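All remarks here apply to the structure that follows.
A quick note: this is a predicted structure, and the numbers were derived from the prediction, not measured.
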Amino acid sequence: MKKLTKLITALMLLIPLALVAAAPRPAPRLQGHNPDPPAEPVKLIFIHHSTGENWLADDYGDLGITLSGNNYFVSDTNYGWGPDGIGDNTDIPNWMQWFRSDQTLTYMDALFNESGQNASYTRTIHDPGGENQIIMFKSCFPNSELEGDPNDPPGTYEDMSVAGAKFVYNQILTYFATRPDKLFIVITAPPLSDSTYADNARAFNQWLVHDWLSENNYTLNNVAVFDFYNVLTGPDAHHRYINGNIEHAVGGNNTLHYPSGDDHPSQGGSRKATGEFVSLLNVYYHNWQADAPTAPPEDSQPHPTAESQSQPESPPSQPTLSGLIDDFEGDAPIGSYGWETYWDAATDTEISCAPTDQVAYLGKRSMKITYDIELHSWGTCDLTFEHAQNWGDSSGIGFYVHAEGEGTFFNVDLMVEHDQGVESYVHQVRLDSESAAGWQGVFLTWDQFERVSWEADAGAVFNKPDQIKTLAFGFNTPEGGEPPVGIIYIDALSLGDNAADLEQPASDREEILPSPSGGRSLPCAGSLLLPLGLVGFAVWRKKGDG
């Protein structure tokens with residue numbers, strides 16, 4: 001995806017912030033620096049996605065085999081791992097699910113007892129048995145795109161901002177404090193090549209390394225940070241044990257210095273991180289072992305949960321929708337590639353989709369879809385997931401829509417994947433005047449979707465809600481009709497059990513209608529030459545998200 005640039009006024013802050021970041025700051029001093037490997041094998045598990053997979057891999061980052069050579073028995077999680085597929089969820093706000101939710105005990109029991117490999121690396125020692133003692137966890141590089149300002153204090157709820165990220169890490173300390181028998185290692189999210197939010201990423205990670213624990217008066221030795229972000233920003237940027245000291249040296253760059261063709265760190269950057277991390281991990285391990293209990297404390301329950309902490313309440317005027325897929329308030333839905341546009345590039349068809357704060361039904365943002373479809377052409381705005389979604393517990397899908405103009409129509413498309421290929425299903429929505437005056441609720445049951453006409457079993461009723469790979473909003477010219485041109489806004493895209501989920505008296509709605517103000521959006525992908533018919537489903541391709 002293309003990245004948005006900052007406003008000119010924000011760009012003016014870049015030089016002074018860079019100068020401040022370039023000044024080295026002393027890292028916290030640990031007591032009893034011992035860089036030697038543990039005397040006995042220690043079980044370690046790493047929560048990660050694709051950047052972590054590359055970092056672990058032999059002949060790329062070499063972290064797995066290097067840790068094994070230092071007497072760590074390494075296991076890891078990846079996409080699809082664990083109860084509820086929690087391994088899919090590694091963005092900063094998701095750490096609340098792992099460590100501060102009513103499912104924390106379930107997730108931690110699975111994590112502590114996992115001994116499998118979900119990435120490719122060599123183990124040179126045998127499993128010593130027992131639970132994992134060290135928990136490493138890392139968010140992927142999109143998590144370096146934090147909104148807000150560098151000096152924002154901790155907020156009151158989790159989101160992809162400096163304030164929201166600080167809130168998350170402050171909250172999860174509550175759980176870590178209940179488990180002094182485990183060592184938790186935060187691996188900071190790797191940097192992006194784009195500089196738009198680089199100052200925020202730098203400031204947040206500086207806070208994690210230097211201020212996080214002290215601001216919370218955290219005195220236990222079972223939490224430590226490795227600044228993976230910093231190490232990857234330049235050859236002179238370090239976080240390592242050297243000459244008897246912990247060095248955290250910040251260079252003059254806040255973006256990725258070691259690209260691999262995209263924002264995944266290169267082999268060279270990954271190996272640099274391995275060289276700096278492993279001896280530092282040994283120091284963290286021995287420092288923790290100096291006063292670690294031999295057994296978990298009896299009161300190791302992760303309570304109170306974050307829900308009992310001070311958080312903003314939802315306005316009473318807002319309806320509760322079951323199974324939220326996307327409210328467009330933050331980053332793309334977990335486990336997805338984000339919203340992307342596809343169109344018939346052989347024509348002059350144009351389509352774009354991106355979150356906007358110009359219009360919203362709930363919260364502050366919705367997704368704006370602008371389309372100008374040529375005759376006999378097509379365009380779609382797609383949300384594709386890395387793994388098929390099981391939405392079978394719900395009877396259908398719902399959303400709110402506002403259209404700029406009357407007589408608007410569009411398709412809602414579903415696609416499933418299996419060994420024999422793909423299946424595409426469609427339902428056409430025609431809006432009434434309500435959608436132009438305000439917002440119209442739409443609820444579609446699964447049996448309203450039918451197999452597209454150009455595939456086998458055309459017209460067959462959709463019956464595979466447990467295998468959904470892609471959801472899309474599509475536009476094409478109806479038989480004998482005019483090419484569609486217009487703008488629609490989608491909000492509160494959700495799974496539901498009945499049409500009542502999308503019903504609310506107009507007087508109770510908190511509607512934000514179009515205004516001239518702009519805002520940050522997350523633009524969709526570019527044109528792709530895929531003449532796949534009217535619905536325009538695109539063949540998905542594997543992507544990594546860090």
Side-chain angles (χ1 to χ4, degrees), residues 24-30 33-35 37-38 42 44-49 51-56 61-64 66-67 70 72 74 76-77 90 92 95 99 121 132-141 143-144 165 168-169 172-173 176 182-191 201-214 218 220-234 236-242 245-251 254 256-258 265 269-289 546:
R25 296 180 60 186
R29 296 275 306 199
L30 301 181
H33 298 323
N34 180 357
V42 175
L44 174 155
I45 191 160
F46 184 15
I47 303 170
H48 67 85
H49 281 172
T51 292
E53 186 173 353
N54 292 341
W55 192 19
L56 284 168
D62 289 334
L63 177 63
T66 304
L67 287 172
N70 277 258
Y72 296 99
V74 181
D76 68 304
T77 76
T90 64
I92 289 172
W95 301 131
F99 302 118
Y121 49 91
N132 292 305
Q133 294 178 266
I134 300 175
I135 313 301
M136 290 170 49
F137 60 101
K138 182 188 71 63
S139 295
C140 48
F141 52 73
N143 289 260
S144 287
V168 169
Y169 280 89
I172 63 179
L173 270 181
F176 299 161
K182 304 293 183 184
L183 175 59
F184 297 90
I185 305 292
V186 175
I187 309 295
T188 61
R202 170 64 74 188
F204 172 69
N205 291 318
Q206 288 285 92
W207 176 83
L208 270 181
V209 172
H210 296 284
D211 303 316
W212 173 40
L213 300 179
S214 61
Y218 196 83
L220 298 176
N221 290 323
N222 72 323
V223 179
V225 179
F226 174 65
D227 200 352
F228 191 54
Y229 168 93
N230 182 56
V231 170
L232 295 169
T233 58
D236 297 324
H238 302 290
H239 195 192
R240 60 185 176 178
Y241 173 84
I242 187 170
N245 294 297
I246 305 298
E247 178 187 29
H248 185 259
V250 176
N254 291 345
L256 180 63
H257 182 79
Y258 301 92
S270 298
R271 288 185 174 180
K272 180 193 176 195
T274 297
E276 300 206 357
F277 172 64
V278 175
S279 60
L280 189 57
L281 174 64
N282 293 340
V283 170
Y284 290 151
Y285 171 78
H286 290 296
N287 192 57
W288 166 62
Q289 279 292 292

side-chain contact (heavy atoms from CB on, under 4.5 Å) against A203, all qualifying residues, sequence neighbours excluded: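 Partners of A203 by the side-chain contact (heavy atoms from CB on, under 4.5 Å) criterion, ordered by chain and then number, come out as P150.
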What pairs with [X] under side chain to side chain donor-acceptor pair (under 3.5 Å), at least two apart in sequence or on another chain?
{"X": "H238", "value": "E276"}
{"X": "T274", "value": "W55"}
{"X": "N70", "value": "N282"}
{"X": "T233", "value": "R202"}

K272: which residues meet the salt bridge (charged side-chain N to carboxylate O under 4.0 Å, His left out) condition with it, sequence neighbours left out?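 Result, salt bridge (charged side-chain N to carboxylate O under 4.0 Å, His left out) vs K272: none returned.
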Working for side chain to side chain contact (heavy atoms under 4.5 Å, CB included), residues E247 and N245: CA-CA 6 Å; E247 178 187 29; N245 294 297; over 6 Å; no
Can you tell me how far the CG atom of N54 sits from the NE2 atom of H48, to the nearest 0.5 Å?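 Going from CG on N54 over to NE2 on H48, the span is 9.5 Å.
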Roughly how far, to the nearest 0.5 Å, is OG of S270 from CG of D62?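 Here the interatomic distance stands at 9.5 Å.
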Tell me whether the centres of the aromatic rings in Y121 and F46 are closer together than 6.0 Å.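 Distance test on ring centres: not under 6.0 Å, no.
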Would you confirm whether the ring centroid of Y284 sits within less than 6.0 angstrom of the ring centroid of F226?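 No, too far apart.
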If we check side chain to side chain contact (heavy atoms under 4.5 Å, CB included) with L44, which of these qualifies: I134, D76, N132?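 Passing option: I134.
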Provide the closest heavy-atom pair for N34 versus H286 in the form atom of the first, atom of the second, distance.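 Looks like O-CD2, 3.1 Å.
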Classify the ring geometry between W212 and W207 as parallel (under 30°), tilted (30 to 60°) or perpendicular (over 60°).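 If you compare the ring of W212 with that of W207, the planes turn out tilted.
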For Y72 and L281, run side chain to side chain contact (heavy atoms under 4.5 Å, CB included): C-alpha distance rounded to whole Å, both residues' side-chain angles, the deciding distance at 0.1 Å, then the answer. CA-CA 10 Å; Y72 296 99; L281 174 64; 3.7 Å; yes
